[in-house]
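Okay, structure first, notes after.
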Amino acid sequence: MNISNATTTKTITYDPLASLLNEFKDYKVMTLLECTSCGYTLERAYKEKEYVNKIVDDACPKCNSKMYIKAIYVIKEEKKQQKKGLFTKMPSSAIKSEVYHFLSQIATLIRNLKIFNQFQ
Amino acid sequence: MIEISYQILYNQFGFDNTTSSWINMIIGIIYLVTLFLFMFGPFQMWMYSARVSKDLIRLEIYAKRSRDIFLSVAGKYNKNKEELERIVNDALEFFYIEPVERDPYGFIKRLDHLLNVSRNKLKLIINKIAPDADEEEKANLENTLTTTMALNSIYKYAKHWYIVGKKANSIVIMAQLELLMALLRDMARAYYMSFFATIKGIPIGDSVGAMVAARLMMKSNPKIITSETVISEVDIDGRKAVVVKAEGPGGRVGKPGEAIQKLIEEYQNKISLIIMIDAAAKLESEETGTIAEGVGAAIGDPGPEKYKIEESSTKYGIPVESIVIKQGIDEAVSAMSKKLAESVDKVVERIKNIIRERVPEGGLVIIAGIGNTIGVGNSLGG
């Protein structure tokens with residue numbers, strides 16, 4: 001059986017723009033549209049080359065009129081941070097039993113130590 | 001009693017009033033004095049320089065990354081990589097020498113001229129980098145290049161003072177630099193974050209003033225009054241309002257001062273009021289998007305534009321009122337937050353209230369939206 005010693009070459013390319021945009025992955029650019037006739041507002045994701053006061057192709061869902069960009073802004077998506085701890089997501093009764101179990105183990109350990117056995 | 005207590009004290013420290021004990025004590029005192037006098041300074045110096053060098057690395061990363069980002073963005077317009085790098089490297093070393101202040105006469109005029117020359121020089125650089133890009137893209141590229149230049153000079157100056165402090169072995173220089181470093185670091189971070197907005201061409205926090213003006217001139221036909229600045233005449237509750245803003249949607253600040261000066265010379269005493277809207281730096285205790293009213297020209301230029309407004313409004317006795325939208329320095333250069341965008345409607349309402357109160361029907365008011373107009377068009381569709 002021949003085992004070929006083929007080596008795979010991996011080229012690492014550094015794209016500064018991609019790394020910058022990666023830093024903003026939690027940010028969402030939003031566009032706020034407003035209907036030119038009925039004033040209905042609609043929020044959607046930003047598309048390239050859009051600017052405030054630009055008339056867009058989107059039609060008003062209410063009156064089918066033209067819509068313009070009222071504002072462009074960013075929203076930071078809040079990530080739900082999980083608490084990192086020993087007793088996270090544990091009911092209080094379970095924590096109590098864990099603590100009792102831990103303490104009893106320590107007590108047994110101390111009791112079994114040779115130094116105490118000598119006095120007995 | 002006292003003698004006994006002294007004896008106890010001596011015994012505690014192993015001092016038994018013999019000659020050797022005395023010698024030991026003197027040696028100990030000399031050792032401690034030497035330690036405090038000669039070691040304390042170098043230790044502090046080491047502490048300061050360690051902190052400064054840590055921040056300096058961060059500044060260097062920002063400077064180098066920003067250059068790479070600019071090259072990457074400009075690479076879309078210019079395929080000649082070597083030429084592009086050469087132009088960018090030259091641009092990063094660009095400087096302007098401030099006019100002489102010893103003779104204050106005509107200082108503002110000289111500064112204005114210098115700023116115009118500097119602005120034109122930057123435009124020439126951008127034309128070399130991206131000759132085929134459209135005017136709006138060029139304006140955004142200019143913003144990106146200016147940010148890169150700012151980050152580069154922040155790093156260079158910080159490094160210069162670090163080396164000077166090290167060479168002179170001066171704890172005073174190093175301590176001052178360490179104090180400044182926190183501010184420089186935050187400023188550099190804010191500039192670095194601004195790339196996201198300038199590359200995409202979306203409004204930044206500073207654009208809030210321009211956005212207010214754009215909202216007011218939405219249904220009108222704006223015309224260019226001076227370099228990169230547009231005006232538009234609108235009717236607000238029976239009053240004629242001339243709205244001024246930088247020409248959008250590219251990243252420009254325009255020349256609002258010059259525009260207002262021209263309008264004042266044109267309408268003279270017919271103008272009842274000038275209202276300026278701009279972003280202002282908030283105090284840490286203040287909330288972003290807070291709106292405040294005051295008097296005076298709200299414009300954060302190096303001087304010439306503000307001077308023109310003050311000079312011409314004083315000449316005809318026209319009151320200048322300002323509305324500012326508070327935000328942090330980092331927010332002013334970063335992509336606009338929802339809170340700031342929401343404040344635009346409130347400011348427009350305030351302007352209308354002020355006009356109703358202060359300007360008689362049929363009267364004339366100038367409204368100037370100050371700030372970078374990146375991502376903000378002029379009127380609907382344009």
Side-chain angles (χ1 to χ4, degrees), chain A residues 11-80, chain B residues 64-76 134 136-137 140 192-197 199-205 207-208 210-215 217-219 222 245 248-251 331 334-345 373-382:
Chain A
T11 50
I12 300 164
T13 50
Y14 165 63
D15 184 0
L17 204 60
S19 76
L20 172 81
L21 295 176
N22 191 41
E23 279 189 48
F24 289 89
K25 61 184 175 191
D26 296 341
Y27 289 84
K28 256 191 158 183
V29 187
M30 304 303 292
T31 303
L32 185 72
L33 304 175
E34 193 177 82
C35 177
T36 46
S37 58
C38 71
Y40 179 81
T41 54
L42 178 78
E43 193 184 51
R44 63 150 170 78
Y46 166 83
K47 290 175 189 169
E48 258 192 39
K49 295 204 171 177
E50 284 190 336
Y51 56 87
V52 174
N53 277 359
K54 185 185 182 184
I55 293 175
V56 287
D57 297 332
D58 309 43
C60 173
K62 227 177 166 185
C63 66
N64 213 24
S65 299
K66 281 182 178 177
M67 294 190 100
Y68 78 97
I69 297 171
K70 195 180 180 187
I72 298 169
Y73 45 80
V74 288
I75 298 171
K76 195 180 179 187
E77 284 183 335
E78 296 288 331
K79 277 185 181 174
K80 282 179 186 173
Chain B
K64 284 189 175 167
R65 266 198 194 177
S66 65
R67 184 182 165 276
D68 291 345
I69 289 166
F70 183 77
L71 282 172
S72 174
V73 174
K76 289 174 194 168
D134 66 44
E136 309 307 314
E137 282 171 336
N140 291 351
Y192 182 70
M193 298 290 268
S194 76
F195 276 120
F196 181 67
I199 289 165
K200 279 187 177 285
I202 57 172
I204 55 173
S207 310
V208 72
M211 243 169 104
V212 172
R215 185 72 55 84
M217 60 165 67
M218 205 166 67
K219 289 169 184 169
K245 87 176 264 294
E331 288 168 314
S334 308
M336 188 180 279
S337 63
K338 194 177 181 181
K339 233 179 188 179
L340 285 172
E342 281 169 351
S343 68
V344 173
D345 281 332
T373 191
I374 187 166
V376 183
N378 306 323
S379 59
L380 275 189

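Throughout, a chain's letter reflects where its sequence line sits, starting with A, and its residues are numbered from 1. Just so we're clear, the structure is a prediction, and the values are computed from it rather than from any experiment.
- Distance check: B/S207 OG to A/Y51 OH gives 15.0 Å after rounding to the nearest 0.5 Å.
- The shortest heavy-atom contact between B/P203 and A/V52 is CG-CG2, 4.1 Å.
- Of the two parts of B/M218, the backbone and the side chain both hold a non-hydrogen atom closer than 4.5 Å to a non-hydrogen atom of chain A.
- The side chain to side chain donor-acceptor pair (under 3.5 Å) search around B/T373 returns B/K245, not counting sequence neighbours.
- Only the side chain of A/V29 comes within contact range of chain B, with heavy atoms under 4.5 Å apart.
- Between A/F24 and B/F196, the ring planes are parallel. Angles under 30° get that label, and only those over 60° would be called perpendicular.
- The part of B/V73 that comes within reach of chain A is its side chain, from C-beta onward, which places non-hydrogen atoms under 4.5 angstrom from that chain.
- Chain A forms more heavy-atom pairs under 4.5 Å with one residue of B/L340, B/I374, B/D345, B/I204 than with any other, namely B/D345.
- Residue A/K70 touches chain B through both its backbone and its side chain, counting heavy-atom pairs closer than 4.5 Å.
- With chain A as partner, the option from B/R65, B/M193, B/E137 having the largest number of non-hydrogen pairs under 4.5 angstrom is B/M193.
- Annotation: residues 39-46 of chain A contacts chain B through A/E43, A/Y46 [non-hydrogen atoms, separation under 4.5 Å].
- If you measure heavy-atom distances from B/E342 to chain A, you find no contacts under 4.5 Å at all.
- With a threshold of 4.5 angstrom between heavy atoms, B/L71 does not approach chain A through any atom at all.
- Contacts of B/A341 with chain A are made by side-chain atoms alone, with heavy-atom separations under 4.5 Å and no backbone atom involved.
- Of the two parts of B/Y192, the backbone and the side chain both hold a non-hydrogen atom closer than 4.5 Å to a non-hydrogen atom of chain A.
- A/K66 contributes atom NZ, which lies 10.0 Å from atom CG of B/L380 (distance to the nearest 0.5 angstrom).
- Rounded to the nearest 0.5 angstrom, B/M217 CE and A/N53 CG are separated by 9.5 Å.
- If you measure heavy-atom distances from A/E23 to chain B, the contacts under 4.5 Å come from the side chain alone.
- Put simply, of A/T31, A/I72, A/T36, A/V56, the one with the most heavy-atom pairs under 4.5 Å next to chain B is A/I72.
- When each of B/M211, B/K200, B/M336 is checked for heavy-atom pairs under 4.5 Å with chain A, B/M336 comes out on top.
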Exercise. Salt bridge (Lys or Arg N to Asp or Glu O under 4.0 Å) between A/E34 and B/R215: does it pass, once the steps are laid out?
Worked result: CA-CA 12 Å; A/E34 193 177 82; B/R215 185 72 55 84; over 6 Å; no

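- Shown here is A/N22, whose CG atom has more than 12 heavy atoms of other residues, nucleotides or ligands within 6.0 Å.
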